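The structure under discussion appears below in the form of structure tokens.
Keep in mind that what you see is a predicted model, and the values were worked out from it rather than measured. In what follows, chains are A, B, ... by sequence order, proteins preceding strands, each numbered from 1.
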Amino acid sequence: MKNSNVRVRFAPSPTGYLHVGGARTALYNYLFAKQHGGSFVLRVEDTDEARSTTESLVSMLDDLSWMGLKWDEGPAPKTLDEKGDFGPYRQSDRKEIYFKHINELIKDGRAYYCFLTEEELDAQREEAKKAGEPFRPNSPYRDWSVDQAKEKIDNGEKPTIRFKNDHGEKLYTFKDLVRGEVSLPASMIGDFVIARSNGMPVYNFVCAVDDALMKISHVFRAEEHLNNTLRQLMIIEALKMEAPIYAHLSIMLGGDRQKLSKRHGAASLTDFKEKGYLPQALSNFIALVGWSSPSGEEILSMEQMIKEFSTERLHSASAVFDQEKLKWMNAQYLREMNTEDFFKRSKEFFKSDWKFPESGDWREKSFSALKSSMETLDDAAPLYEMLKLGGELDLNDQAKDVISWESTSKVLQVWKGLLSKAESEYINPEQIDGLINTVKAEAEVKGKFLFMPIRVASIGKAQGTEIKDLIPLIPVSELVLRADKLIG
RNA sequence: GUUCCCUUCGUCUAGAGGCCUAGGACACGUCCCUUUCACGGAUGAGACACGGGUUCGACUCCCGUAGGGAACGCCA
């Protein structure tokens, strides 16, 4: 189906929301796959049965789709129906496959049943810490025969299975697409667990096996997995499988230079969706945290990113996620949006009982007048609230103060009178100055005593958005209604 | 502590030994536009962590130091 050997995967663990860091990892995988005409695989790392949930999986897949990412293999959004030739794609459905390989390792003496208890392990950890050494478990069961172990198992004991790391001081060196040559000494780890006592294999094992079995050619993943690569390399080697090429991406930080999390305001895609960010803006921005276009351009469509992506331009240092710049970028995209799209997207930010003039022309006009004062869809709500039909004005303290001025009632009377005489459905922008000047003359007030009451009567606010942009968007009948309510 | 990774304006980054008096973007300051705010335009301030090498020449290469991050789980 695909005419390329490039196969990449994004392998989320469905234990919560999709983090922007994860989203960026997914994006880079996607860009790389598309650029090379390869396959983008979605694999579900749900071996932690206690924490993995279907809701989380569904929401992650939704978020990924929302971002505009599509995968060639793996569970479909919503239905979770799987497609692809390398399934199943949920690791919890692959236990048999894993145990085939685990048993192979045990048979070859590359792995063993370990009956060390939690307490014994803790004691060893404590000792290692005291000695200033990395924790390398010392298991008395390391050289037991399988028969010996089976006996204990038959007695009801539940062992873990450990990989036997007998590589001494060997240096594992591999070429990382982001970091260049990386060398990890085998001695930095000991015999590590590959299957839990409850019979479920663990991450480092399943990840290594699946990458090989699913013929993954390139692994783009977060830097926190760099150390895990050693374990995975050992497993792949012991199983005589082929290792993918790795690319360890820098980590995204919050303003305090700590790993980005909910504490920083927003960290999940859902957060950004709810704050009114556009998926194109978010993916564009995220791509630029740790990567740059050779052209130096910053506003990049998905197509451009696919064309221009290159691993050489991936930055190896961790980077702070700057929400201010995201806002700016979102504003750029918002202004380029087409009107119908805008109304479709902003629907969920408006209250359902808000009524607006129906015509498409009104939508065009209102959006083009207001879009320059929005950064996110969320900003659209208070703006459009000023335009909703029904005469209700929600006055703040400053606006109430304006209403209490002595000269205000005169201004409003005149204003309303003029409006009532208007012949068209809407006031033209060109008419406004004339109208205001007439009020000025007839009511004999000027400056803020003139402008502010008119502002308040029109939009309920003493300050803010350009009144000349707003008044032509409000039907004259509505303006009259509003003025009327204030006059009381 | 041990191992690994990282280090250019406040932030994201450009920079592959002379093109660097270090470029761009966001944010910030000033000015213009505007009755206010925003948008837009112009302009300004602002960085090679430090110390040693290598070299005619180092932001770029090497070595240290300091600082930051990650891993050291029957989490991923």
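- For the pair A/Arg43 and A/Tyr89, the cation-pi criterion (under 6.0 Å, within 45° of the ring axis) is not fulfilled.
- Cation-pi contact between A/Lys152 and A/Phe115: present, with separation from the ring centre below 6.0 Å and deviation from the ring axis of at most 45°.
- Within 4.0 Å of A/Gly190, counting heavy atoms only, lies no atom of the nucleic acid at all.
- No more than 12 heavy atoms of other residues, nucleotides or ligands sit less than 6.0 Å from atom CG of A/Asp394.
- Interface remark: the A/Lys325 side chain does not form any donor-acceptor pair with the B/rA27 base, using a distance-only criterion of under 3.5 Å.
- Using a 4.0 Å heavy-atom distance criterion, A/Arg221 is classed as making no nucleic acid contact.
- Nucleic acid contact class of A/Thr47 (heavy atoms, under 4.0 Å, all strands): sugar-phosphate only.
- On the P atoms, B/rU11 is 27 Å away from B/rG17, given to the nearest whole Å.
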For nucleotides 1-7 of chain B, which of its nitrogen or oxygen atoms have a protein nitrogen or oxygen under 3.5 Å away, and what is each distance?
| unit_1 | atom_1 | unit_2 | atom_2 | d |
| --- | --- | --- | --- | --- |
| B/rG1 | O2' | A/Gly132 | O | 2.9 |
| B/rU2 | O4' | A/Gly132 | O | 3.1 |
| B/rC5 | O2' | A/Arg179 | NH1 | 2.4 |
| B/rC5 | O2' | A/Glu223 | OE2 | 3.1 |

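- Base pairing of B/rC26 is made with B/rG10, judged by Watson-Crick or G-U wobble geometry with both donor-acceptor distances under 3.5 Å.
- A salt bridge does not link A/Lys175 to A/Glu181: none of the charged side-chain nitrogens sits closer than 4.0 Å to a carboxylate oxygen.
- A residue-by-residue look at A/Glu224 and A/Asp46 shows that A/Glu224 has its nearest nucleotide of RNA chain B further toward the 5' end.
- Comparing the C1' positions of B/rA42 and B/rU36 gives an interatomic distance of 22 Å, to the nearest angstrom.
- Distances shown here put every side-chain N or O of A/Arg231 at or beyond 4.0 Å from the OP1 or OP2 atom of B/rG73.
- For B/rU30 and B/rC48, the C1' atoms lie 28 Å apart once the distance is rounded to whole Å.
- Checking the phosphate oxygens (OP1, OP2) of B/rC74, no side-chain nitrogen or oxygen of A/Ser197 falls inside 4.0 Å.
- Using a 4.0 Å heavy-atom distance criterion, A/Leu230 is classed as making no nucleic acid contact.
- Between the side chain of A/Asn228 and the base of B/rA76, at least one donor-acceptor pair of N or O atoms lies under 3.5 Å.
- By the 5.5 angstrom centroid cut-off and the 30-degree plane limit, A/Tyr203 is classified as not stacked against the base of B/rC75.
- Among the protein residues, A/Lys440 comes within range of no part of the nucleic acid, since none of its heavy atoms lies under 4.0 Å from any strand.
- A salt bridge links A/Arg94 with A/Asp210: the distance from a Lys NZ or Arg NE/NH1/NH2 to an Asp or Glu carboxylate oxygen falls below 4.0 Å.
- Using a 4.0 Å cutoff on non-hydrogen atoms, the parts of residues 156-175 of chain A near RNA chain B are A/Thr160, A/Arg162, ordered by number.
- Taking the ring centre of A/Phe367 as origin, the terminal cationic atom of A/Lys371 falls inside the region bounded by 6.0 Å and 45° from the ring axis.
- Ring geometry, A/Phe342 versus A/Tyr384: the interplanar angle falls from 30° to 60°, so the pair is classed tilted.
- Using a 4.0 Å cut-off between a side-chain N of Lys or Arg and a carboxylate O of Asp or Glu, A/Asp46 and A/Arg51 do not qualify as a salt bridge.
- Base pairing annotation: B/rU2 forms a Watson-Crick or G-U wobble pair with B/rA71, both donor-acceptor distances under 3.5 Å.
- The side chain of A/Arg335 contributes an N or O atom lying less than 4.0 Å from OP1 or OP2 of B/rG40.
- Using cut-offs of 30° and 60° on the angle between ring planes, the pair A/Phe163 and A/His167 is parallel.
- Note on A/Arg125: a side-chain N or O is less than 4.0 Å away from OP1 or OP2 of B/rG73.
- Comparing the same atom, P, in B/rC32 and in B/rC59 gives a spacing of 41 Å after rounding to whole Å.
- Positionally, the nearest nucleotide of RNA chain B for A/Glu312 lies more toward the 5' end than for the other of A/Trp328 and A/Glu312.
- Within the 4.0 Å cut-off from OP1 or OP2 of B/rA27, not a single side-chain nitrogen or oxygen of A/Lys327 is found.
- The same atom, P, is picked in B/rA14 and in B/rC61; the two are 14 Å apart, to the nearest Å.
- Across the P atoms, B/rG46 and B/rG40 are found 25 Å apart, a figure rounded to whole Å.
- Both tests hold for A/Arg231 against A/Phe192: distance to the six-membered ring centre under 6.0 Å, angle to the ring axis within 45°.
- The backbone N or O of A/Phe99 sits less than 3.5 Å from a side-chain atom of A/Asn103, completing a donor-acceptor pair.
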